[in-house]
Every structure is written in structure tokens, then in C-alpha cells.
Amino acid sequence: MPGLLDGKIVLVTGAGGGIGRATCLVLSREGAKVIVSDISTRRGEETVTLIQNAGGEAEFFKADISREADCEALAAAAVSRWGRLNGATNNAGTSGRFVCVAEDTEENWDRTPPLDWKCVGL
């Protein structure tokens, strides 16, 4: 039986453990090719191994999403490798103050910048 995401390419940041790893496993089980990204090479590669051992397809790209250059390189590498992106989940996090968005400072907000998908035409 085909999965809901057969042939789709999905990027997951913070994929080295917890919710990020679980998300990768579910995406793969549903047929997606998963781009696994984490700041920890060891943990990210462990996630890739779990996916591959279950018969899925995945590749690891190391990235620190608090750095704009890493985000741009991650998106470019993913598109270069797979030809496109169909979806992404930004699960990575850093330590910062938990505040209401309307009360957040620019400095605190910038600690976890979103991926800029303009660089890959999305």
C-alpha cells in the first residue's frame, strides 16, 4: 500500500532526537525521502540509520539553524541533492527566553531564524 508522502522530499531540522527524530521516522514510513538536519553529526546520522534500517531513504546535513549561512547552505544542499523540497519542519531550537511573540525582542527572536525558502525558489 502506498504511503501518503510517496515521492515527496521533506526537510526536518532538529532531527537528531526527540520530536524531530520521531517526525523523520513517521515521514519516512509514509514514503517521504527525508533530509535529516541537526547540529550534532552523531545524532543526525543515528536518525538516518534508523530510517535506512526500516527501508526508508534519508540523508544527513549538519546545520546550526541559528546561523543564516547554515540555513542557506542546508536549503541549497537539499535541493542540489534531491532536486526540490516539498515540505519542511523546523524542529530545531536554541535556548532563549520564552515570551509572547508580541513582547519578544529582536535579539531573542533572531536566535532561531526561520529558513529563508526564497533562496530555493519556494
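- Counting heavy atoms from C-beta outward, Phe60 and Thr41 have side chains that approach closer than 4.5 Å.
- The structure places CG of Asn90 at 8.0 Å from CG of Leu11, a figure rounded to the nearest 0.5 Å.
- Closest approach of Asp38 to Gly16, counting heavy atoms only: OD1-N, 2.8 Å.
- Considering all non-hydrogen atoms of both residues, Gly31 and Asp6 come closest at CA-OD1, 3.3 Å.
- Asp70 contributes a side-chain N or O that, together with a main-chain N or O of Asp64, makes up a donor-acceptor pair within less than 3.5 Å.
- Proximity of a side-chain donor or acceptor of Arg21 to a complementary backbone N or O of Arg43 within less than 3.5 Å is detected.
- A donor-acceptor contact shorter than 3.5 Å links the side chain of Ser37 to the backbone of Phe61.
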- Message: Could you walk me through whether Thr23 and Asn91 satisfy the side-chain contact (heavy atoms from CB on, under 4.5 Å) test, starting with their C-alpha distance in whole Å, then the side-chain angles of each, then the deciding distance to 0.1 Å, before giving a yes or no?
- Response: CA-CA 9 Å; Thr23 299; Asn91 184 68; 5.5 Å; no
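- Shown here for Ala58 and Val48, the closest heavy-atom pair between the two residues is O-CG1, 3.8 Å.
- Residues Val36 and Val79 are members of separate hydrophobic clusters, defined by side-chain heavy-atom contacts under 4.5 angstrom among Ile, Leu, Val, Met, Phe, Trp and Tyr.
- Using a 4.5 Å cut-off between side-chain heavy atoms of Ile, Leu, Val, Met, Phe, Trp and Tyr, with links allowed through other members, Ile39 and Ile65 fall into different hydrophobic clusters.
- The two residues Glu57 and Ile51 make their nearest non-hydrogen contact at N-CG2, 3.8 Å.
- Between the side chain of Asn86 and the main chain of Val10, no donor-acceptor pair closer than 3.5 Å is present.
- Nearest heavy atom pair, residue Ile35 against residue Ala78, reads CD1-CB, 3.5 Å.
- Hydrophobic clustering (side-chain heavy atoms under 4.5 Å, transitive across Ile, Leu, Val, Met, Phe, Trp, Tyr) keeps Val34 apart from Leu85.
- For Ser28, the side-chain hydrogen bond (donor to acceptor under 3.5 Å, both in side chains) criterion is met by no residue, not counting sequence neighbours.
- Connection of Leu74 to Trp82 is established within a shared hydrophobic cluster, with ILVMFWY side chains joined at heavy-atom distances below 4.5 Å, either directly or through further cluster members.
- Distance check, rounded to the nearest 0.5 Å: CD of Glu45 to CD of Gln52 gives 10.0 Å.
- In this structure, Glu30 does not pair ionically with Lys8, as no charged nitrogen and carboxylate oxygen lie closer than 4.0 Å.
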